Every structure is written in structure tokens, then in C-alpha cells.
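Let me begin by presenting the structure, written as C-alpha cells, before commenting on it.
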There are 2 protein chains.
Amino acid sequence: MGLQEEQAEGSQGPVSGAAARPAGEAPAAPARRLKRTDAIAEAIKDWIVLNQLQPGDRLPQEKALIEQFKASKGTIREALKALETQGLIRSRTGPGGGAFVAELSGERAMELLANYFFFRQPSIRDIYALRKRLEPDLAASLAGRLGAADFRRLEETMRLYDHPPATTGEEYEQRLAELEFHSILAELCPNPALGFICRFLQTLLRNLTICRRIYDIPNPELRDAGLSYQIRLLRALKAGRAEEASAIMYEHMCAAERYMESCEAEFRAGFLKL
Amino acid sequence: MGLQEEQAEGSQGPVSGAAARPAGEAPAAPARRLKRTDAIAEAIKDWIVLNQLQPGDRLPQEKALIEQFKASKGTIREALKALETQGLIRSRTGPGGGAFVAELSGERAMELLANYFFFRQPSIRDIYALRKRLEPDLAASLAGRLGAADFRRLEETMRLYDHPPATTGEEYEQRLAELEFHSILAELCPNPALGFICRFLQTLLRNLTICRRIYDIPNPELRDAGLSYQIRLLRALKAGRAEEASAIMYEHMCAAERYMESCEAEFRAGFLKL
DNA sequence: AGATATTTGTTCGTATGTATT
DNA sequence: TAATACATACGAACAAATATC
């Protein structure tokens with residue numbers, strides 16, 4: 001399929017550029033020597049962007065890479081594994097199989113990013129400081145831009161919590177569904193960065209241990225209030241009133257934050273058992 | 001060092017739950033079967049959080065893992081490589097070496113996240129929509145909270161662009177230094193999520209190809225204006241005037257956006273060559 | 001449906017490199 | 001310097017998955 005030819009250009013292999021540093025390069029940051037595996041992974045990645053491979057395009061097979069880089073199978077596989085872990089490729093077995101360029105999914109990106117916050121857990125206040133700023137913009141960006149299918153999807157999600165929960169389990173499920181409502185909005189956002197960040201803040205919230213506890217607490221008023229916010233929000237979005245949608249969302253965020261923080265305070269005071 | 005004992009608890013290995021599926025398990029979400037390598041990587045990760053390993057703690061060595069998981073060296077190494085790629089571990093050779101739990105660095109996290117936006121490049125407008133919201137909050141969060149060393153660091157960075165550039169190369173360097181100023185602020189932010197997102201938006205901007213071009217264009221007025229914004233900002237921060245710092249930063253962002261977009265428009269119109 | 005070819009996935013044995021003592 | 005302990009790399013074989021005939 002003519003993917004391999006370009007590798008031969010210049011020197012004996014794409015890795016040479018990464019391994020053998022050009023003469024005049026003074027490494028300000030020492031950048032400790034790359035392991036062979038990592039150098040190969042880097043080289044393959046560079047090769048992908050250089051040749052402008054698109055999602056779905058196939059990489060050379062393991063055997064070809066072994067020859068290209070004069071490395072063993074294990075080394076090549078480790079390099080490919082690194083790329084796969086980053087969500088850059090996916091590989092299939094069988095005839096015509098191999099490694100294919102992939103588009104890093106939002107879910108995977110959030111998983112990878114979540115590791116950063118594992119040892120730096122933000123507080124509820126931290127997260128809502130951001131949500132209060134961004135979710136209103138998100139809402140505004142959608143005003144008058146959603147189709148019938150989008151509204152149907154949103155309303156279907158709302159149906160999961162338009163009634164009082166029967167069990168504690170359902171209580172929890174309803175909270176997740178409410179977050180899912182916001183996640184759908186974020187997916188539809190025309191600004192990819194804004195959409196991603198909102199979705200990530202939602203999962204960050206969902207994964208805070210304190211929140212898992214809070215979400216088990218019955219709170220009929222909040223459910224009612226949230227529902228009414230969202231109904232008003234959908235009306236504003238349909239009518240294309242961006243300002244109003246933004247304002248509604250802001251109120252919604254403030255109310256949610258107030259509630260979450262009061263719960264957190266109660267936990268801390270020991271009024272509710274962990 | 002007693003890190004290993006816990007592994008023996010229960011059954012013969014942590015992966016058993018993932019690999020050998022219990023009889024009655026009906027997988028609601030199909031969740032295509034994990035490859036052995038991925039199952040082991042997951043198991044090791046779970047084991048780390050379960051035992052609350054901290055950065056610097058050592059994992060069992062390869063040989064031990066081979067026995068634990070009854071897998072070959074290559075498979076174990078691929079699993080460890082996956083964790084290393086995610087920034088969760090680092091490994092060292094030599095006696096006393098092995099894999100050590102690491103704290104995912106902000107830089108690495110941003111690299112991983114950047115892949116998500118490779119095929120979904122936000123526009124300058126998209127990025128500034130976020131910066132206009134967040135950088136002012138960032139500034140406000142620092143008012144009255146910076147030490148003398150912090151101010152020294154900021155002023156040292158400003159010195160890199162407090163004079164007209166001599167060459168095009170310096171022009172570009174000055175722009176990066178200006179972004180670095182914001183990056184320092186973000187690092188100091190008490191809200192880890194806000195700080196990270198601001199830093200990421202900055203690198204996203206830096207890496208937009210269009211920006212690399214824009215940053216080469218001489219623009220003495222913008223440099224002066226930016227400098228004056230930052231001087232006023234530092235004054236407000238020192239005095240602990242959060243509101244004022246926020247307002248200054250907002251103006252700064254708006255001015256920067258206006259400039260960047262006008263440059264972008266000129267590129268598009270072909271007035272400036274790419 | 002079944003046989004076969006192709007390609008990744010996994011294992012084993014061994015050798016090399018590197019840091020500690 | 002030498003011995004030791006560990007990761008890193010190599011190569012050949014085998015197993016499993018999947019497309020094609």
C-alpha cells in the first residue's frame with residue numbers, strides 16, 4: 001500500500017535521527033538517553049505525523065519493523081505497546097492485520113489524565129470553581145444549535161431521574177444520570193477543548209470518593225430542583241436564547257456546589273458516617 | 001520494605017480475577033476480552049492503588065511478577081511498559097533496581113492529552129474562549145499569596161522580553177517567554193485543576209502551527225502592552241487585590257485574542273505568506 | 001462449514017548492559 | 001577490580017485469532 005517506501009529516505013532508519021544527536025545540539029536539559037524501545041516508539045510516532053497518516057491507516061507489520069529498526073521482536077512489540085497505551089494505534093491479528101492509526105478517544109484521554117490528579121486530588125470547591133465558569137459557556141454555545149435527535153437523547157436521560165428513587169442504588173444511579181445529562185451537552189459542544197474539559201470535570205467529580213458517598217444520600221429537593229433547571233435549560237436552548245441558558249446553568253452549578261459542600265461539611269463533622 | 005507480602009493473600013495471583021472469568025459472570029457490556037498483557041497491567045495498577053503505594057515505592061521485580069502472574073518475561077515487560085507509558089512507574093536497572101511508583105508529571109500528562117487534540121484541533125477562538133474565563137480566576141487565586149521568590153521568578157522571566165527583540169529568533173523566544181510567565185502563575189495556583197488546564201491551554205496554543213507563524217511576526221506594540229499588563233498585574237497581586245488582578249488579566253486575554261485573530265485573518269486572506 | 005494462510009500474541013532460553021557493593 | 005543483582009535486548013519457536021478460499 002506504499003506506506004513503507006518513505007522510511008528508507010536519508011539514512012538507514014527513522015530512529016537514527018533520534019538516537020544519534022545532530023552535532024551542534026547542546027542539550028540544555030540533559031534528557032537522559034532514551035532506551036532503545038522508547039527511541040523506536042518515538043521514531044514510529046514521528047513517522048506517523050511526518051507521513052500524515054490518518055486514523056485507520058495501517059503501519060508496517062512487526063516483521064517489517066524488525067527489519068527497519070534492526071531490533072528484536074520483543075523490543076518492537078514494547079514500542080508498539082507504548083503507542084497503543086497512548087491510544088495512538090490499535091492492532092488486530094489475522095491476515096491484513098497489524099497496527100492501525102487510531103484517534104485517541106475522549107474516554108481514554110480522560111483515563112490517562114485522571115492519573116495526574118490521583119496524587120493531587122482537587123476539592124469539591126476546586127472543581128466547582130471551574131464548572132461554574134465553564135458549564136454556562138457550554139450551555140450558551142449550544143443555544144439554537146441542537147437537533148431533534150439531540151433533544152430526544154437529553155430527554156431520555158432525564159427520564160431516568162424524573163421520579164423519586166425506589167432504592168439507595170437508584171438514588172446513586174440517578175445522580176450519575178444527571179451527570180450524564182451534562183456529559184451529553186459537552187459532547188455536542190462545538191468547542192472541542194471546552195467540551196472535553198467539562199466532561200473531564202464531571203468524571204473527576206464522579207470519582208471523588210467523597211462524592212460517591214454524597215451521591216448515596218437521599219435528597220428529593222435537589223432532584224426536583226435539578227430537574228427544573230434542566231427543563232428550563234432545554235427550553236432556552238430550543239429557543240436559541242444563549243444568555244438565558246448560560247444564566248440557568250450558572251444557577252444550577254451554584255446550587256449543586258452549595259449542596260455538595262454542605263454534605264461534605266457534614267461528613268467532616270461526623271454527622272454522617274463514612 | 002514489606003511490599004510484597006500482600007500479594008499472596010487470597011488466591012494465587014491478582015490477575016486471576018481478570019483472566020480466569022468466574023463461571024456465572026454475564027458481561028453486560030461486552031468489553032472485548034483483554035489481552036493477557038493488558039489484564040496484567042490492569043491488575044498491577046489495581047494492586048498499587050489497593051495497597052496505597054506512594055511515589056517512590058518499589059514494585060515486585062520482574063522475576064517475582066513472572067511467578068505471580070505465571071506469565072513470560074516478555075508479557076510482563078509489555079505490561080510494565082504500558083504503566084511506564086502512562087507515567088505511573090519508572091524503572092531502574094542495577095541492584096536494588098526495579099519498577100518504582102511515580103507521580104505523573106504535568107508535562108507528561110500534557111503530552112498524553114495533546115494526542116487527543118491532534119485530530120480535533122481547536123481554533124484560536126476556542127482556546128481564548130477558555131483562557132478568557134480561566135486566566136482571570138487564576139490571577140485572582142494568587143492575589144496576596146505569592147512569596148518573594150515567586151515574584152523574583154516572574155520578574156526574571158519578564159526580563160527576557162522587556163526590550164525590543166534583535167532578531168526574528170528572539171521575537172519568537174520572547175513570545176514563548178511571555179507564555180512562560182503565565183505558566184509560572186499556573187504552577188503556583190492553589191487549585192490543581194485550574195492550574196493544569198491553564199498550562200495545557202498555553203501549550204495547546206504554543207503548538208498550533210498557525211501560532212508558530214504568528215509568533216514570528218514583529219509586533220512592538222503588543223509586547224509593550226503585554227508588559228504593562230503584567231507589571232500592573234504583579235502590583236495587584238502583591239497588594240492582594242484579587243478583583244483587580246482578575247480584571248487586568250481579562251483585558252490582557254482579550255487584547256491577545258484580538259491580536260491573534262487579526263493575524264490569523266491576514267494569513268487566511270493571504271496577506272502574509274505561510 | 002472447514003481448511004489454510006497470515007499476522008499478532010506468548011513463551012522460553014540466553015546474552016548484554018548497568019548500577020551497587 | 002570483581003562479583004552481584006537487576007533491567008534490557010535478542011532469537012527461535014509455538015499459540016491464538018481472523019480473514020480468505
Side-chain angles (χ1 to χ4, degrees), chain A residues 1 3-4 13 15-16 18-19 30-44 56-85 87-102, chain B residues 1 3-4 13 15-16 18-21 30-44 56-85 87-102:
Chain A
M1 319 262 279
L3 288 178
Q4 279 101 310
V15 78
S16 58
R32 71 184 185 290
R33 249 191 61 212
L34 285 173
K35 283 177 282 196
R36 182 118 179 84
T37 286
D38 296 331
I40 292 175
E42 278 288 311
I44 294 177
D57 288 348
R58 214 192 69 177
L59 265 60
Q61 338 177 301
E62 283 183 3
K63 207 161 82 172
L65 291 172
I66 290 171
E67 291 177 13
Q68 287 284 333
F69 292 100
K70 312 227 178 303
S72 78
K73 179 162 180 154
T75 304
I76 295 295
R77 284 186 58 78
E78 276 187 47
L80 291 174
K81 171 60 70 181
L83 298 180
E84 193 176 9
T85 301
L88 292 162
I89 64 172
R90 278 171 46 85
S91 45
R92 291 200 301 266
T93 63
F100 295 80
V101 176
Chain B
M1 315 256 274
L3 290 176
Q4 277 101 312
V15 77
S16 59
R21 293 214 167 275
R32 72 182 184 292
R33 249 191 62 211
L34 285 174
K35 282 177 280 194
R36 184 115 178 87
T37 287
D38 296 331
I40 292 175
E42 278 289 311
I44 294 177
D57 288 349
R58 216 191 70 176
L59 266 61
Q61 346 174 298
E62 282 185 359
K63 208 161 86 174
L65 291 172
I66 290 171
E67 291 176 13
Q68 287 284 334
F69 293 103
K70 312 224 180 302
S72 77
K73 188 163 353 197
T75 304
I76 296 293
R77 284 185 57 78
E78 276 186 46
L80 291 175
K81 171 60 70 181
L83 297 179
E84 193 176 9
T85 301
L88 293 165
I89 64 171
R90 277 172 44 86
S91 46
R92 290 200 301 268
T93 62
F100 295 80
V101 175

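Please read these numbers as outputs of a predicted model, since none were measured by experiment. Below, chains carry the letters A, B, ... as their sequence lines are ordered, and counting in each starts from 1.
- When rounded to the nearest whole Å, the span between CZ of A:Phe100 and P of D:dT18 equals 13 Å.
- Counting any heavy atom pair closer than 4.0 Å across all strands shown, A:Glu62 reaches sugar-phosphate atoms only and no base atom.
- In this structure, A:Ile40 atom CD1 and D:dT8 atom P are separated by 14 Å, rounded to whole Å.
- Residues A:Ala99 and A:Ile89 share a closest heavy-atom pair of CB-CD1, 4.0 Å.
- Between B:Phe69 and B:Ala43, the shortest heavy-atom distance links the atoms CE2-CB, 3.9 Å.
- Counting to the nearest Å, the C1' atom of C:dT8 and the CD1 atom of A:Ile76 are 14 Å from each other.
- Whole-Å rounding puts the B:Arg77 CZ to C:dG9 P distance at 17 Å.
- Using a 4.0 Å heavy-atom cutoff across all strands shown, A:Ala99 reaches no nucleic acid atom at all.
- For the pair A:Gly96 and A:Thr37, nearest-nucleotide mapping onto DNA chain D gives the more 5' position to A:Thr37.
- Neither OP1 nor OP2 of D:dG11 sits under 4.0 Å from any side-chain N or O of A:Lys73.
- Using a 4.0 Å heavy-atom cutoff across all strands shown, B:Arg92 reaches sugar-phosphate atoms only and no base atom.
- For B:Thr93 and C:dT18, the shortest distance from a side-chain N or O to OP1 or OP2 is not below 4.0 Å.
- The side chain of A:Ser72 sits closest to D:dG11 out of D:dG11, C:dT11, C:dA5.
- When distances are taken from the side chain of B:Pro95 to each of C:dA19, C:dG9, D:dC6, the shortest belongs to C:dA19.
- Per the geometry, CG belonging to A:Leu65 stands 13 Å off P belonging to D:dC10, to the nearest Å.
- As rounded to whole Å, 9 Å separates atom P of D:dT8 from atom CG of A:Asp38.
- Note: CZ (A:Arg90) to P (D:dT18) measures 11 Å, nearest angstrom.
- Counting any heavy atom pair closer than 4.0 Å across all strands shown, A:Gly74 reaches no nucleic acid atom.
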Side chain to side chain contact (heavy atoms under 4.5 Å, CB included) between B:Glu62 and B:Ser91, intermediate numbers included: CA-CA 11 Å; B:Glu62 282 185 359; B:Ser91 46; over 6 Å; no

Steps toward side chain to side chain contact (heavy atoms under 4.5 Å, CB included) verdict (A:Leu65, A:Leu80): CA-CA 10 Å; A:Leu65 291 172; A:Leu80 291 174; 4.2 Å; yes

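- Between B:Ser91 and D:dT8, a side-chain N or O to OP1/OP2 separation shorter than 4.0 Å is present.
- Note: CZ (B:Arg58) to P (D:dA5) measures 13 Å, nearest angstrom.
- The residues A:Lys81 and A:Glu78 are annotated as not salt-bridged, no charged nitrogen and carboxylate oxygen being separated by less than 4.0 angstrom.
- OP1 or OP2 of C:dT11 lies within a sub-4.0 Å distance of a side-chain N or O belonging to B:Thr75.
- Proximity of B:Arg36 to the phosphate of C:dG9: no side-chain N or O atom is located under 4.0 Å from OP1 or OP2.
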